[in-house]
**Q** 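There's a structure below that I have some questions on.
None of these values were measured; they are calculated from a predicted model. The figures here come from the full heavy-atom set of this structure, side chains too, leaving out hydrogens, waters and symmetry mates.
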Amino acid sequence: MAQTLLKVSGLKVAYGGIQAVKGVDFEVQEGELVSLIGSNGAGKTTTMKAITGTLPALEGQIEFLGKSIKGRGAWDLVKEGLVMVPEGRGVFTRMTITENLQIGAYIRNDKAEIAKDIEKVFGIFPRLKERATQLAGTMSGGEQQMLAMGRALMARPKVLLMDEPTMGLSPIMCDKIFEVVQNVYEQGVTVLLVEQNASRALQLANRGYVMESGLITMSGDAKVMLNDPKVRAAYLGE
Ligand code: ATP
């Protein structure tokens with residue numbers, strides 16, 4: 001049986017008196033691509049932030065590889081193999097592309113392998129190679145998203161969490177990002193993808209979860225969900 005890598009149970013998160021996540025359960029097994037979809041303000045980003053310790057969990061459990069990771073920070077979790085590509089990308093704008101990629105490998109000290117992995121990332125994103133010595137802050141949103149993904153891959157993640165990687169990007173750039181998500185997954189990285197583009201997210205995924213008003217309202221096989229009239233009406237514009 002596949003191993004459970006990430007398990008969230010009874011998670012509640014609040015901003016002051018306002019509960020944004022009201023008791024959420026979900027899990028990600030090794031070798032899965034899981035998509036978490038739902039409309040604006042559903043609580044998806046808040047959930048991701050609680051997993052990576054950016055926000056405190058009010059209640060509930062967050063386990064990675066069977067151990068509680070509650071309260072541990074994003075940088076610390078990279079060591080365990082849980083790596084986040086945050087919403088808004090969070091690249092270091094005053095550093096070059098190459099420096100950003102090197103930072104992604106900060107937990108490693110295998111210099112030759114790091115250099116090889118940088119070349120691998122450049123192979124996935126030739127645009128980053130062309131701009132290797134350029135400051136990250138001078139790149140377009142799509143290019144910064146590629147860099148954020150490349151930087152995450154430099155840590156050789158077991159699980160990659162991606163929070164709305166296509167937000168604000170052109171259709172062509174969205175296609176490229178989805179293609180890379182699939183590629184990364186096919187290379188053996190388990191993926192939890194948070195997306196507003198429900199159709200694309202479910203096409204890529206093995207399993208899906210729908211989040212609404214701070215709760216998981218639906219879950220199951222992604223292809224079944226994709227054909228579910230309720231999902232189609234609510235999220236696929238039909
Ligand atoms: P989106 O797709 O728009 O990013 P989301 O599903 O990721 O939506 P969240 O960003 O997690 O949703 O927001 C969940 C709820 O928490 C929303 O009602 C939002 O207004 C509220 N919220 C988010 N951040 C804060 C904050 N810093 N302070 C107060 N309320 C917040």
**Q** So, for Ile177 and Pro165, which heavy atoms are closest and what is the spacing to 0.1 Å?
**A** CG2-CB, 3.8 Å
**Q** Any chance you could measure Asn109, atom CG, to Ile114, atom CD1, to the nearest 0.5 Å?
**A** 7.0 Å
**Q** Could you state whether Val194 and Leu82 fall into the same hydrophobic cluster, counting links through intermediate Ile, Leu, Val, Met, Phe, Trp or Tyr residues with side-chain heavy atoms under 4.5 angstrom apart?
**A** yes
**Q** Say whether Leu77 and Leu65 are linked into one hydrophobic cluster, either directly or through other cluster members, by side-chain heavy-atom distances under 4.5 angstrom.
**A** yes
**Q** Taking NZ, NE, NH1 and NH2 as the nitrogens, is one of them in Glu143 or Arg131 under 4.0 Å from a carboxylate oxygen of the other?
**A** yes
**Q** Is there a continuous path of hydrophobic side-chain contacts, each under 4.5 Å between heavy atoms, that joins Ile97 to Met146?
**A** yes
**Q** Donor-acceptor pair, distance only, cut-off 3.5 Å: does the side chain of Lys44 make one with the backbone of Gly38?
**A** yes
**Q** Between Glu119 and Lys116, is there a salt bridge with N-O shorter than 4.0 Å?
**A** no
**Q** Verify side chain to side chain contact (heavy atoms under 4.5 Å, CB included) between Asn227 and Arg232, making sure each step is shown before the conclusion.
**A** CA-CA 7 Å; Asn227 291 311; Arg232 298 195 74 84; 4.1 Å; yes
**Q** Do the side chains of Leu55 and Tyr15 get nearer than 4.5 Å, heavy atoms only?
**A** yes
**Q** Would you check if there is a donor-acceptor pair between the side chains of Glu87 and Thr45 at a distance under 3.5 Å?
**A** yes
**Q** Show the nearest heavy-atom pair for residues Ser9 and Asp25, with the distance to one decimal.
**A** CA-OD1, 3.1 Å
**Q** Side chain of Lys12, backbone of Gln19: donor and acceptor closer than 3.5 Å?
**A** no
**Q** One thing to verify: whether Lys7 and Glu27 come together as a salt bridge, which I'm taking to mean a side-chain N less than 4.0 angstrom from a carboxylate O.
**A** yes
**Q** Is the shortest side-chain heavy-atom distance between Arg156 and Glu113 below 4.5 Å?
**A** yes
**Q** Do Met84 and Ile51 pass the side chain to side chain contact (heavy atoms under 4.5 Å, CB included) test, and can you show the C-alpha distance, the side-chain angles, and the key distance before you say yes or no?
**A** CA-CA 10 Å; Met84 169 94 153; Ile51 292 172; over 6 Å; no
**Q** Output, in order, the C-alpha distance, side-chain angles, deciding distance and verdict of side chain to side chain contact (heavy atoms under 4.5 Å, CB included) for Arg151 and Val83.
**A** CA-CA 10 Å; Arg151 186 183 59 187; Val83 182; over 6 Å; no
**Q** Is there a continuous path of hydrophobic side-chain contacts, each under 4.5 Å between heavy atoms, that joins Leu193 to Val189?
**A** yes
**Q** For the OH atom of Tyr185 and the OG1 atom of Thr190, what is their distance to the nearest 0.5 Å?
**A** 7.5 Å
**Q** Hey, any chance Val191 and Val28 share a hydrophobic cluster, counting ILVMFWY side chains that come within less than 4.5 Å of each other, even indirectly?
**A** no
**Q** Do any N or O atoms from the side chain of Tyr106 and from the backbone of Trp75 form a donor-acceptor pair under 3.5 angstrom?
**A** yes
**Q** Which heavy-atom pair separates Val8 from Leu11 by the least distance, and what is that distance?
**A** CG1-CB, 3.6 Å
**Q** Kindly give the heavy-atom pair with the smallest separation between Pro157 and Ala152, and that separation in Å.
**A** CD-O, 3.5 Å
**Q** Find out whether Leu5 and Phe64 are in side-chain contact, i.e. whether some heavy atom of one side chain is under 4.5 Å from a heavy atom of the other.
**A** yes
**Q** Surrounding NZ of Lys223 (heavy atoms of other residues, nucleotides or ligands, distance under 6.0 Å), is the total greater than 12?
**A** yes
**Q** Check the side chains of Ser199 and Gln203 for a donor-acceptor pair under 3.5 angstrom, ignoring hydrogens and angles.
**A** yes
**Q** So, do Glu179 and Gln182 sit near enough that their side-chain heavy atoms are less than 4.5 Å apart?
**A** no
**Q** Please round to the nearest 0.5 Å and tell me the distance separating atom CD1 of Ile172 and atom NZ of Lys176.
**A** 12.5 Å
**Q** Any side-chain heavy-atom pair from Met173 and Thr166 closer than 4.5 angstrom?
**A** no
**Q** Between Asn197 and Phe178, is there a side-chain heavy-atom distance shorter than 4.5 Å?
**A** yes
**Q** Report the distance from atom CE of Met149 to atom CD of Gln144, rounding to the nearest 0.5 Å.
**A** 14.5 Å
**Q** Can you name the one residue among Thr54, Val21, Val13, Asp163 that meets side chain to side chain contact (heavy atoms under 4.5 Å, CB included) with Lys49?
**A** Thr54
**Q** If you take all heavy atoms of Phe92 and Ala136, which pair is closest and at what distance?
**A** O-CB, 3.4 Å
**Q** How far apart are the closest heavy atoms of Leu33 and Val181, and which atoms are they?
**A** CD1-CG1, 4.2 Å
**Q** Do NZ/NE/NH1/NH2 and the carboxylate oxygens of Arg207 and Glu32 come within less than 4.0 Å?
**A** yes
**Q** Quick one: does Met48's side chain get under 4.5 Å of Leu192's, heavy atoms only?
**A** yes
**Q** Please evaluate residues Thr47 and Phe26 with respect to the criterion side chain to side chain contact (heavy atoms under 4.5 Å, CB included), reporting the C-alpha separation (whole Å), side-chain torsions for both, the decisive distance (0.1 Å), and the verdict.
**A** CA-CA 11 Å; Thr47 301; Phe26 67 91; 3.7 Å; yes
**Q** Any chance you could measure Leu153, atom CG, to Leu101, atom CG, to the nearest 0.5 Å?
**A** 9.5 Å
**Q** Just verifying a value: how many Å separate Gln29 CD and Gln3 CD, rounded to the nearest 0.5 Å?
**A** 9.0 Å
**Q** Are any of the side-chain heavy atoms of Asn183 and Ile124 separated by less than 4.5 Å?
**A** no
